[in-house]
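See structure below.
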Amino acid sequence: VQLQASGGGLVQAGGSLRLSCAASGRAFNTYAVGWFRRPPGHDCEFVGGIAWNGGRTYYTDSTGRFTISRDNANMLVYLQMDRLEPDDTAVYYCAAGSTFASPHPFDYPYWGQGTQVTVSS
């Protein structure tokens, strides 16, 4: 399975971005997907995850600002981010693995290359 994240950029606080994770490999549709981020000078953080069939989602942020969805027919996973804050500035990664909503990077054997999100105040 290969993953490629895209859709990052510079946005003002309060704005929105939608990140995409494009996958290749037939087994992708059997894996859960997690989104992680690495803020400047910080460790990797778990943003949220979605089950292999899209039937369950989990978010570390409970404010409802983030929404994860997936389109298995087109092998895509999305991270919709609304009401962005400067603290959301980070490199965002998508990752695939067998464990739904695991916050541990080591549970995800497949990773995309990351996309930079910068939120200005």
Side-chain angles (χ1 to χ4, degrees):
V1 174
Q2 293 183 321
L3 305 175
Q4 183 170 354
S6 63
L10 174 63
V11 63
Q12 288 188 330
S16 298
L17 278 176
R18 188 178 78 161
L19 306 184
S20 298
C21 178
S24 61
R26 289 183 296 174
F28 170 74
N29 292 346
T30 67
Y31 286 112
V33 171
W35 283 94
F36 290 81
R37 67 185 185 185
R38 186 185 298 276
H42 291 267
D43 291 335
C44 204
E45 302 174 349
F46 180 62
V47 174
I50 188 166
W52 68 274
N53 63 353
R56 291 184 295 169
T57 53
Y58 174 84
Y59 306 97
T60 300
D61 185 319
S62 60
T63 64
R65 298 188 301 122
F66 296 156
T67 304
I68 300 172
S69 59
R70 69 188 296 166
D71 175 359
N72 279 350
N74 292 297
M75 302 183 74
L76 290 165
V77 178
Y78 301 103
L79 174 62
Q80 175 70 40
M81 304 187 294
D82 299 316
R83 305 192 304 278
L84 284 162
E85 303 168 354
D87 284 348
D88 295 318
T89 294
V91 178
Y92 284 72
Y93 301 87
C94 59
S98 299
T99 304
F100 165 66
S102 170
H104 306 298
F106 56 74
D107 279 332
Y108 298 84
Y110 307 105
W111 288 77
Q113 84 287 2
T115 185
Q116 176 71 48
V117 172
T118 302
V119 184
S120 63
S121 58

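Residue indices begin at 1 and follow the sequence shown. Just so you know, these numbers use all the heavy atoms, side chains as well, and skip hydrogens, waters and symmetry mates. Treat the numbers as computed from the prediction; the structure is a model and nothing was measured.
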Point-to-point distance, once rounded to the nearest 0.5 Å, from CD of Q80 to CD1 of I68:
11.5 Å

Shared hydrophobic cluster, W35 / F100 (ILVMFWY, side-chain heavy atoms < 4.5 Å)
no

Taking all non-hydrogen atoms of both residues into account, name the closest pair between T115 and G8 and its distance.
OG1-N, 3.0 Å

Taking the side chain as C-beta and beyond, is there a heavy-atom pair between Y93 and V91 under 4.5 Å?
yes

Nearest 0.5 Å please: distance from the CZ atom of R26 over to the CE atom of M75.
10.0 Å

Where do F66 and D88 come nearest, in terms of heavy atoms and distance?
CZ-OD1, 3.7 Å

Taking the side chain as everything from C-beta on, heavy atoms only, tell me whether T89 gets closer than 4.5 Å to R37.
no

Donor-acceptor check, side chain of S121 to backbone of P86, threshold 3.5 angstrom: yes or no?
no

Flag the pair T60 / V47 as yes when at least one side-chain heavy-atom distance between them is below 4.5 Å, and no otherwise.
no

Flag side-chain contact, heavy atom, 4.5 Å: Y31 against W52:
no

Applying side-chain hydrogen bond (donor to acceptor under 3.5 Å, both in side chains) to R70 and not counting sequence neighbours gives N72

Crowding at CH2, W111 (>12 non-hydrogen neighbours, <6.0 Å):
yes

Measuring from atom CG of L79 to atom OH of Y92, what distance do you get when rounded to the nearest 0.5 angstrom?
7.0 Å

Please check if the side chain of Q113 supplies one atom and the backbone of A5 the other of a donor-acceptor pair under 3.5 Å.
yes

Of all the heavy-atom pairs spanning L10 and S120, show the shortest one and how long it is.
CD1-CB, 4.3 Å

Locate the shortest heavy-atom distance separating R65 from D61; write the atom from each residue and the value.
NH2-OD2, 2.9 Å

side-chain contact (heavy atoms from CB on, under 4.5 Å) between F28 and L3, intermediate numbers included:
CA-CA 9 Å; F28 170 74; L3 305 175; 3.9 Å; yes

With sequence neighbours excluded, what pairs up with Y108 under the side-chain hydrogen bond (donor to acceptor under 3.5 Å, both in side chains) test?
none

Is the backbone N or O of D71 less than 3.5 Å from a side-chain atom of Y78, with the two atoms forming a donor-acceptor pair by type?
no

For atom CD of Q4, is the number of surrounding heavy atoms from other residues, nucleotides or ligands below 6.0 Å larger than 12?
no

Kindly say whether T63 contributes a backbone atom to a donor-acceptor pair with the side chain of R83 at under 3.5 angstrom?
yes

Could you check if a side-chain atom of M81 sits within less than 4.5 angstrom of a side-chain atom of V117, using non-hydrogen atoms only?
yes

Same cluster or not: are V77 and V1 linked, directly or through other Ile, Leu, Val, Met, Phe, Trp or Tyr residues, by side-chain heavy atoms under 4.5 angstrom apart?
yes

For residues E45 and P39, determine if any side-chain heavy atom of one lies less than 4.5 Å from a side-chain heavy atom of the other.
yes

Is the number of heavy atoms from other residues, nucleotides or ligands within 6.0 Å of CD (Q2) greater than 12?
no

Distance-minimising heavy-atom pair for L84 and L17:
CD1-N, 3.9 Å

May I ask whether Y110 and F36 are part of the same hydrophobic cluster, defined by side-chain heavy atoms of I, L, V, M, F, W, Y residues being less than 4.5 angstrom apart, directly or through others?
no

Can you tell me how far the OH atom of Y58 sits from the CD1 atom of I50, to the nearest 0.5 Å?
15.0 Å

Would you check if the side chain of R56 reaches a backbone N or O of A51 as a donor-acceptor pair within less than 3.5 Å?
no

With rounding to the nearest 0.5 angstrom, report the CG to OG distance, N74 to S20.
11.0 Å

Using the rule that two of Ile, Leu, Val, Met, Phe, Trp, Tyr join whenever any of their side-chain heavy atoms come within less than 4.5 Å, decide whether V119 and L19 are in one cluster.
yes

Looking at every non-hydrogen atom in both residues, tell me the closest pair between A32 and T99 and how far apart they are.
CB-O, 3.9 Å

